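Before any comments, here is the structure.
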4 protein chains.
Amino acid sequence: MAVQVAVCGPSRCGERELTLAYEVGRLIAQRGAVVVCGGHGGVMGAVAAGARSCAGLVVGVLPGADRSGAGQDLSVAVATGLGQARNNVIVNSADAVVVVGGSWGTLSELALAMRRGGVPVVRLGDGWRIVDADGREPPGVLSARTPAEALDLTGLWD
Amino acid sequence: MAVQVAVCGPSRCGERELTLAYEVGRLIAQRGAVVVCGGHGGVMGAVAAGARSCAGLVVGVLPGADRSGAGQDLSVAVATGLGQARNNVIVNSADAVVVVGGSWGTLSELALAMRRGGVPVVRLGDGWRIVDADGREPPGVLSARTPAEALDLTGLWD
Amino acid sequence: MAVQVAVCGPSRCGERELTLAYEVGRLIAQRGAVVVCGGHGGVMGAVAAGARSCAGLVVGVLPGADRSGAGQDLSVAVATGLGQARNNVIVNSADAVVVVGGSWGTLSELALAMRRGGVPVVRLGDGWRIVDADGREPPGVLSARTPAEALDLTGLWD
Amino acid sequence: MAVQVAVCGPSRCGERELTLAYEVGRLIAQRGAVVVCGGHGGVMGAVAAGARSCAGLVVGVLPGADRSGAGQDLSVAVATGLGQARNNVIVNSADAVVVVGGSWGTLSELALAMRRGGVPVVRLGDGWRIVDADGREPPGVLSARTPAEALDLTGLWD
């Protein structure tokens, strides 16, 4: 079965996040992998558009109980009806998780991915960071400057 | 977005159910729609194989928290981690639900599809039937003898 | 930890189902067990009222993402946000499942309980029955005429 | 219906977190509210023990599909079978969320609570903090030094 990469990020974001997400989607498709995302707009819509620009496969895992609000670039839309608990479905379905930008929903996806363990989690660009009681970042989240570096850090194409 | 048809049925079933499921999958793909299924073997594996024989797209919505046990003919596997609650995800994601064969899991999918309402639910072949306190079948479930009739009854291609 | 008994049934039902559900709730509380139910009205409301009449503990496992619509006799309300996938949570939480009356949602609970296996499932009164391709009821669902018989059939108080 | 307060924190934690959690549980019970927690040990076990010391009601919302691993101080255990997606059920069920200590699972609960919106979220003690791209904490999470201050900050007893 094909490699599956989750790309997580907010539906409201800046131009820079959109550009990064589009490029990540393009590269994932070029490398023959499937994009798993939240199925709505913003970062989710940009990664889907990027993947579709290279004829890639994109699954949108929606929070709602039907496909309303599904982005136009999804190959398939899964209507979980779980609300934000669908974030755990996205994370469970991925060989690696790339996070672009910051929001509470996005942070929950990063945290659930780290909680799951065993899959590389990469923050691309300037998203939110976590600081423990001693002022240090808890270990484990990888950090990338460019989309290509983000995918390389996953180690999936070594 | 493409039409999505859920095909539900047991992982353990007879030859007749496998043949029906394979043919349903083939016809769904030929008509340009996506197959949504439970992602495991038996009826789920047969419908996936049928769809892939016509280069169709197949999403497996798995009960487990990873992709172990995913069938080889899936285009994409969604690891819900929900156990049998994933049956509701399958049903929510469908424009129509076709049921092949009988088992408790399959019956829960038929019941959840009818509970959702608004989407055609078709029983193909000799699956389990429901009888109310007066000995009558509650209205709503359609019944088909052949895979082509099952898809025609959904009304999705009228 | 206390024994937990799920009581499932439709929100719209007749007087007879309400009477049976109230009495089942009363007996479960008298026997020192916790009632798990769907948290809304009809059979769910009646079983909660019965249990509360004997100072019993009642958990309502709601489909919604908040506690709106929660019945007034619940001790605790769990807002799953899962829609009808919450039916599987009810079933997972029970040492035995008692089903009163018939509806598609109720049938999904019975089916999910049988799919889970290992817990007694008792139909109380004249609910829906299942018939396989040979016209026979698949084995496993117990059948009771009275609330006391339903609880006795679970074997939890032998 | 009674007020419900979720208390979230790791199963592995230090003595200080256990003391804070126990005291929070005690105070919630004293104020007549229900504790909602993850149902396992560590912070979850301590808050349950504290609440039970004052005859309070405690619901454990478990990740597993049965009640194995349920803490001994729970009044009721809900076996969601959702894995870490159960964190969203905890958050949905609460009038306020108190977070004690830091871990990836705990962070996901804080993030899901903020994502939900509309309920006070209080960090008690020295848990993990979030820092955005500009080095600032995103607004919204309240911070308390003592259990009593944490409950006062929720505003539920004003």
Side-chain angles (χ1 to χ4, degrees), chain A residues 1-6 28-29 32-40 45 48 51-52 55-83 85-97 112-113 115-119, chain B residues 1-6 28-29 32-40 45 48 51-52 55-83 85-97 112-113 115-119:
Chain A
M1 183 171 292
V3 166
Q4 300 187 171
V5 179
I28 293 172
V34 173
V35 169
V36 182
C37 72
H40 284 168
R52 290 308 281 276
L57 218 54
V58 186
V59 197
V61 179
L62 299 163
D66 59 37
R67 277 166 287 161
S68 58
Q72 61 186 13
D73 289 309
L74 304 176
S75 317
V76 177
V78 175
T80 64
L82 301 174
R86 74 81 145 82
N87 297 354
N88 204 45
V89 175
I90 294 174
V91 157
N92 282 336
S93 303
D95 294 301
V97 178
L112 289 166
R115 173 68 176 76
R116 178 185 171 206
V119 290
Chain B
M1 183 170 295
V3 166
Q4 300 187 171
V5 179
I28 293 172
V34 173
V35 168
V36 182
C37 71
H40 283 169
R52 290 307 282 277
L57 218 53
V58 185
V59 197
V61 180
L62 299 162
D66 60 35
R67 277 166 286 159
S68 58
Q72 60 186 10
D73 288 310
L74 304 176
S75 317
V76 177
V78 175
T80 64
L82 301 175
R86 74 83 145 82
N87 297 355
N88 205 43
V89 176
I90 294 173
V91 156
N92 283 337
S93 303
D95 294 302
V97 178
L112 290 165
R115 173 67 176 77
R116 179 185 171 205
V119 289

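The chains referred to below are lettered A, B, ... by the order of the sequence lines, with proteins before strands, and numbering in each begins at 1. What you see is a predicted model; the values in this text were computed from it and never measured.
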With sequence neighbours excluded, what pairs up with A:Arg115 under the salt bridge (Lys or Arg N to Asp or Glu O under 4.0 Å) test?
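Once residues adjacent in sequence are excluded, A:Arg115 has no partner under the salt bridge (Lys or Arg N to Asp or Glu O under 4.0 Å) criterion.
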Sorted by number, residues from residues 55-62 of chain A in contact with chain B (heavy atoms, under 4.5 Å)
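Contacts with chain B: A:Leu57, A:Val59.
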Which atom names give the shortest non-hydrogen contact between [X] and [Y], and what distance separates them?
{"X": "A:Leu74", "Y": "A:Gly39", "answer": "CD1-O, 3.8 Å"}
{"X": "B:Ala29", "Y": "B:Ala51", "answer": "CB-O, 3.5 Å"}
{"X": "B:Thr80", "Y": "B:Arg86", "answer": "OG1-CB, 3.4 Å"}
{"X": "A:Ser93", "Y": "B:Ala79", "answer": "OG-N, 2.8 Å"}

So what's closer than 4.5 Å to chain B heavy atoms on [X]: side chain, backbone, both or neither?
{"X": "A:Asp73", "answer": "neither"}
{"X": "A:Val34", "answer": "side chain"}
{"X": "A:Arg116", "answer": "side chain"}
{"X": "A:Leu82", "answer": "side chain"}

Leading residue by heavy atom contact count with chain A [cutoff under 4.5 Å; candidates B:Gly64, B:Ala77, B:Gly118]:
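When all of B:Gly64, B:Ala77, B:Gly118 are compared, B:Ala77 has the most.
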Between B:Asp66, B:Val76, B:Val36, which has the largest tally of heavy atom pairs under 4.5 Å with chain A?
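Most pairs with chain A among the choices: B:Val76.
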Go through the atoms of B:Ala94 and report whether side chain, backbone, both or neither lie under 4.5 Å from a heavy atom of chain A.
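Looking at B:Ala94, just its backbone touches chain A.
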Identify which part of B:Gln4 has an atom lying under 4.5 Å from any heavy atom of chain A, answering side chain, backbone, both or neither.
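When you check distances to chain A, atoms from both the backbone and side chain of B:Gln4 fall under 4.5 Å.
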Looking at chain B, which one of A:Asp95, A:Val89, A:Asn92 has the largest number of heavy-atom pairs inside 4.5 Å, strictly under?
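If we count pairs closer than 4.5 Å to chain B, A:Asn92 comes out on top.
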Pairwise side-chain contact, B:Ser75 with B:Val35, heavy-atom cut-off 4.5 Å (strictly under)
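Not touching, per the 4.5 Å side-chain cut-off.
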